[in-house]
Amino acid sequence: MSFNNAFTHSSWGIALRYAHNDFSETDIFGRTDAFNGIIETSAHPSTPDFQIDRENFIAKADVEAVLYCHAGNERIILDNKPFTVAYDKKPELRFTSAELVQGFYPQGDQTEMEDAIRSEQIISGAFWFESDIKFMEENGNQSKEMGSLYRQDFREPGIETDFYRHYATYNFKTKKRYIETIVNGQPFRSNALYYTWSDDGSRIIRVEVGK
């Protein structure tokens, strides 16, 4: 959002006004000096500010940017700009690719060439996630949480290089890996990566993207 105005008032600012509050609670740009130019800022509405359609995964928040000044004990609105913030990303957890690679892994003062798994995944629509993002692995007999991330949208696609010999994957002898969270009170799971180990269990010899 931007305003182009000239001010000589002793106290003025820009605030956001939502349906459930007044702008006195959301001052985002306050100044006491004169100004002539363009102000740019961002809006960060929280979940209660949205009208939510969980069936179609659409959330909208009506917001009003308010330009104001103080005159004595009164706050005077000089200008206002209504706008709507919309979030329409659908929840998505998905591995898009995976391959065996080799790369340099630090070992003390040296680096050594080692096997690794390079994967790409999409983590999107986090507004609808009701729990952290969990990375799960199975070995055919049991499942284990190997890590988690706070729910947020990530750059698409996210790229990960896993030097698995240095993590629990190696001793656990993972055969299947997937991502999981909760959406609308139900488990929401990605497709899976499937690992094939060598006969002696010393290394992963194949990784495939599956269902």
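Computed from heavy atoms alone, side chains included, the values below leave out hydrogens, waters and symmetry copies. Predicted, not measured: the structure shown is a model, and the values here were computed from it.
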Report task. Mind running side chain to side chain contact (heavy atoms under 4.5 Å, CB included) on Y170 and I204 for me, showing each step along the way? Result -> CA-CA 9 Å; Y170 186 76; I204 294 174; over 6 Å; no
Requested in this report: Walk me through it: do M136 and I179 pass the test side chain to side chain contact (heavy atoms under 4.5 Å, CB included)?
Outcome: CA-CA 6 Å; M136 305 295 298; I179 312 169; over 6 Å; no
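- Defined by atom type and a distance below 3.5 Å, a donor-acceptor pair is missing between the side-chain atoms of E137 and Y195.
- Enclosure of atom CG in D109 is not indicated, since only 12 or fewer non-hydrogen atoms of other residues, nucleotides or ligands lie within 6.0 angstrom.
- Residues V183 and R54 have side chains not in contact (no heavy-atom distance under 4.5 Å, counting atoms from C-beta outward).
- With contacts defined as side-chain heavy-atom distances shorter than 4.5 Å, the pair E114/H166 qualifies.
- Note that CZ of F135 is 10.5 Å distant from CG of D162, once rounded to the nearest 0.5 Å.
- Remark: the backbone N or O of N141 is paired with a side-chain donor or acceptor of N139 at under 3.5 angstrom.
- Closest of all the heavy-atom pairs between M146 and T174 is CE-OG1, 4.3 Å.
- Counting only heavy atoms from C-beta outward, the side chains of F95 and I122 never approach each other to under 4.5 Å.
- Judged by the 6.0 Å distance and 45° axis criteria, K81 is not positioned over the aromatic ring of F83.
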Requested in this report: Could you walk me through whether I117 and L100 pass side chain to side chain contact (heavy atoms under 4.5 Å, CB included), step by step?
Outcome: CA-CA 5 Å; I117 298 170; L100 294 174; 3.9 Å; yes
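- In this structure, D49 contributes its side chain and A61 its backbone to no donor-acceptor pair below 3.5 Å.
- Y164 places no side-chain N or O within donor-acceptor distance of the main-chain N or O of K173, the cut-off being under 3.5 Å.
- In this structure, the separation between CG on L193 and CD on E208 is 10.0 Å, given to the nearest 0.5 Å.
- Annotation: the span from E180 atom CD to S131 atom OG amounts to 7.5 Å, rounded to 0.5 Å.
- Cation-pi geometry between K175 and W197 is not met: the NZ or CZ atom fails to fall both under 6.0 Å from the ring centre and inside 45° of the normal.
- Counting heavy atoms from C-beta on, the side chains of D132 and E145 never come closer than 4.5 Å.
- To the nearest 0.5 Å, atom OG1 of residue T181 and atom CG of residue L149 are 10.5 Å apart.
- In the displayed structure, Q102 atom CD is contacted under 6.0 Å by more than 12 heavy atoms of other residues, nucleotides or ligands.
- To the nearest 0.5 angstrom, N191 atom CG is 12.5 Å from Y178 atom OH.
- Between L78 and C69 there is a side-chain heavy-atom pair separated by less than 4.5 Å.
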Query - CA sep, side-chain torsions, deciding dist, call: K89, F127, side chain to side chain contact (heavy atoms under 4.5 Å, CB included) - result: CA-CA 8 Å; K89 287 185 177 181; F127 183 93; over 6 Å; no
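- Closest heavy-atom contact between A98 and V207: CB-CG2, 3.9 Å.
- Residues satisfying the salt bridge (Lys or Arg N to Asp or Glu O under 4.0 Å) criterion with E92, sequence neighbours excluded, are R94.
- One finds the CG atom of N80 at 4.0 Å from the CD atom of E64 (value rounded to the nearest 0.5 Å).
- Using cut-offs of 30° and 60° on the angle between ring planes, the pair F163 and Y105 is tilted.
- For the pair I205 and S198, the tightest heavy-atom approach, listed with the atom from each and the gap, is CG2-CB, 3.9 Å.
- With hydrogens and angles disregarded, no donor-acceptor distance shorter than 3.5 Å links the side chain of S190 to the backbone of L93.
- For R203, the salt bridge (Lys or Arg N to Asp or Glu O under 4.0 Å) test picks out D115, with sequence neighbours left out.
- The closest side-chain heavy-atom distance from F129 to I182 is not below 4.5 Å.
- In this structure, Q142 places its CD atom where more than 12 heavy-atom neighbours from other residues, nucleotides or ligands lie under 6.0 Å away.
- Minimum interatomic distance between G210 and Y194 (heavy atoms only, all atoms of both residues): CA-CE1, 3.8 Å.
- Of all heavy-atom pairs between Y68 and I14, the closest is CE2-N, 3.8 Å.
- One hydrophobic cluster holds both V85 and Y18 under the rule that ILVMFWY side chains link at heavy-atom gaps under 4.5 Å.
- Enclosure of atom NZ in K134 is not indicated, since only 12 or fewer non-hydrogen atoms of other residues, nucleotides or ligands lie within 6.0 angstrom.
- By the 4.5 Å heavy-atom criterion applied to side chains, I123 and D153 are not counted as neighbours.
- Judged purely by atom type and a 3.5 angstrom limit, N184 has no side-chain atom pairing as donor or acceptor with the backbone of Q186.
- Outside the 6.0 Å centre-distance limit, the rings of Y87 and F57 are not counted as a close aromatic pair.
- Partners of T47 by side-chain hydrogen bond (donor to acceptor under 3.5 Å, both in side chains), not counting sequence neighbours: none found.
- Judged by distance alone, with hydrogens and angles left aside, the side-chain atoms of T96 form a donor-acceptor pair with the main-chain N or O of E120 at under 3.5 Å.
- Closest approach of A116 to T161, counting heavy atoms only: CB-CG2, 3.8 Å.
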